[in-house]
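None of these values were measured; they are calculated from a predicted model.
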Amino acid sequence: MKQEYHEYRTSNAMDWDAMLSLVRRLYRDGDYRMSLLIGCGCFFGLRISDLLTLTWSMLLDGEKFTIYEKKTGKRRVVKVNKGFQKHIKQCYDSLHIENEDEKCFLSRKKMVYSTQRINILFKEIKTKYNLKIDHFSTHTMRKTFGRKVFESAGTDAPLALMRLQTLFNHASPTITKRYLGITDSELESSYDLLDF
């Protein structure tokens with residue numbers, strides 16, 4: 001348990017626009033699976049262990065899908081953003097997938113990537129694309145999702161924190177706040193958004 005907390009503290013969220021740029025650049029450079037993985041991680045907010053269970057049919061057959069989280073066993077319904085759904089279809093077409101029940105994140109050897117292998121690939125991606133992020137790992141995706149939800153909430157930031165607490169299955173909003181690296185001043189800035 002201690003190690004997981006350490007991982008949370010040593011991975012950073014990406015700036016949303018930088019993430020979108022990276023996803024597009026990976027796709028343009030023919031790295032369709034990594035483009036899709038980073039996109040799915042940041043748009044769905046799932047742990048890497050759950051991302052690796054995704055199949056093409058789950059992503060393509062509707063506007064949402066259901067998983068049972070590996071860590072908690074809890075049922076989670078994930079809605080697929082309409083704009084991102086187009087990217088999923090582009091990756092699917094570019095990879096010439098023939099079996100929609102196939103897992104999305106397979107290596108060239110047709111094996112599901114391990115978390116360790118993905119972290120190695122992420123280090124290579126960080127270097128190749130000169131990413132301005134201290135610690136880029138599989139956990140970066142989940143944190144990027146959380147930060148984007150929080151930052152987009154504006155005056156509803158405290159409510160967004162409670163929603164994220166539920167999505168992340170954290171015991172309290174305080175844990176979620178610490179997990180995402182949200183400062184008290186960020187929460188207090190919600191008051192500055194109000195007009196009189």
Note: R33 and K103 closest approach over all heavy atoms is NH1-O, 4.1 Å
Begin with the C-alpha distance, continue with both residues' side-chain angles, and end with the deciding distance and a verdict on side chain to side chain contact (heavy atoms under 4.5 Å, CB included) for H135 and T140. CA-CA 8 Å; H135 303 286; T140 293; 5.9 Å; no
For the side chain of K132 and the backbone of M14, is there at least one donor-acceptor N/O pair under 3.5 Å apart? no
More than 12 heavy atoms of other groups within 6.0 Å of E98 CD: no
Run the numbers on E151 and R147 for salt bridge (charged side-chain N to carboxylate O under 4.0 Å, His left out), then give the verdict. CA-CA 6 Å; E151 289 169 359; R147 286 296 301 199; 3.1 Å; yes
ring-ring contact (aromatic ring centres under 6.0 Å, His included): which pairs involve residues 94-127, sequence neighbours left out? F122-F136
Any side-chain heavy atom of V80 sitting closer than 4.5 Å to one from F44? yes
Determine whether the aromatic ring centres of residues F145 and F43 are separated by less than 6.0 angstrom. no
How far does CD1 of I38 sit from OG1 of T138, to the nearest 0.5 angstrom? 11.0 Å
Could you measure the distance from the CD1 atom of I67 to the OG1 atom of T55? Nearest 0.5 Å is fine. 11.5 Å
Contacts of E100 meeting side chain to side chain donor-acceptor pair (under 3.5 Å) (sequence neighbours excluded), chain-then-number -> Y92
Is there a side chain to side chain contact (heavy atoms under 4.5 Å, CB included) between L37 and L121? Walk through the geometry before answering. CA-CA 12 Å; L37 177 65; L121 293 171; over 6 Å; no
Any M58 side-chain heavy atom under 4.5 Å of C104 side chain: no
Is the side chain of R142 donor-acceptor paired with the backbone N or O of G45 at a distance under 3.5 Å, no angle test? yes
Is it the case that over 12 heavy atoms from other parts of the model lie below 6.0 angstrom from the CZ atom of R163? no
For the residue pair W16 and S152, establish whether any side-chain heavy-atom pair is separated by less than 4.5 Å. no
Step-by-step side chain to side chain contact (heavy atoms under 4.5 Å, CB included) determination, W56 to L95: CA-CA 11 Å; W56 291 103; L95 287 163; 3.8 Å; yes
Does L52 reach the side chain of K70, with side-chain heavy atoms less than 4.5 Å apart? no
For the residue pair G62 and Q85, what are the closest heavy atoms and their distance? O-NE2, 2.8 Å
Would a 4.5 Å heavy-atom cut-off, applied to side chains only, mark L51 and L54 as touching? yes
Mind listing the closest non-hydrogen atom pair of C42 and M19 along with its distance? SG-CG, 3.5 Å
Decide yes or no for L59 and C40: does some side-chain heavy atom of the first lie under 4.5 Å from some side-chain heavy atom of the second? yes
Are M141 and V112 connected in the hydrophobic side-chain network, where two residues link if heavy atoms are under 4.5 Å apart? yes
Between CD1 of I133 and OG1 of T144, what distance do you get to the nearest 0.5 Å? 6.0 Å
At what distance, to the nearest 0.5 angstrom, does SG of C91 lie from CG of D31? 9.5 Å
Euclidean distance, K89 NZ relative to I97 CD1, rounded to 0.5 Å: 11.0 Å
Any side-chain heavy-atom pair of N119 and I48 under 4.5 Å: no
CD (E102) and OG (S57) are apart, to the nearest 0.5 Å, by 10.5 Å
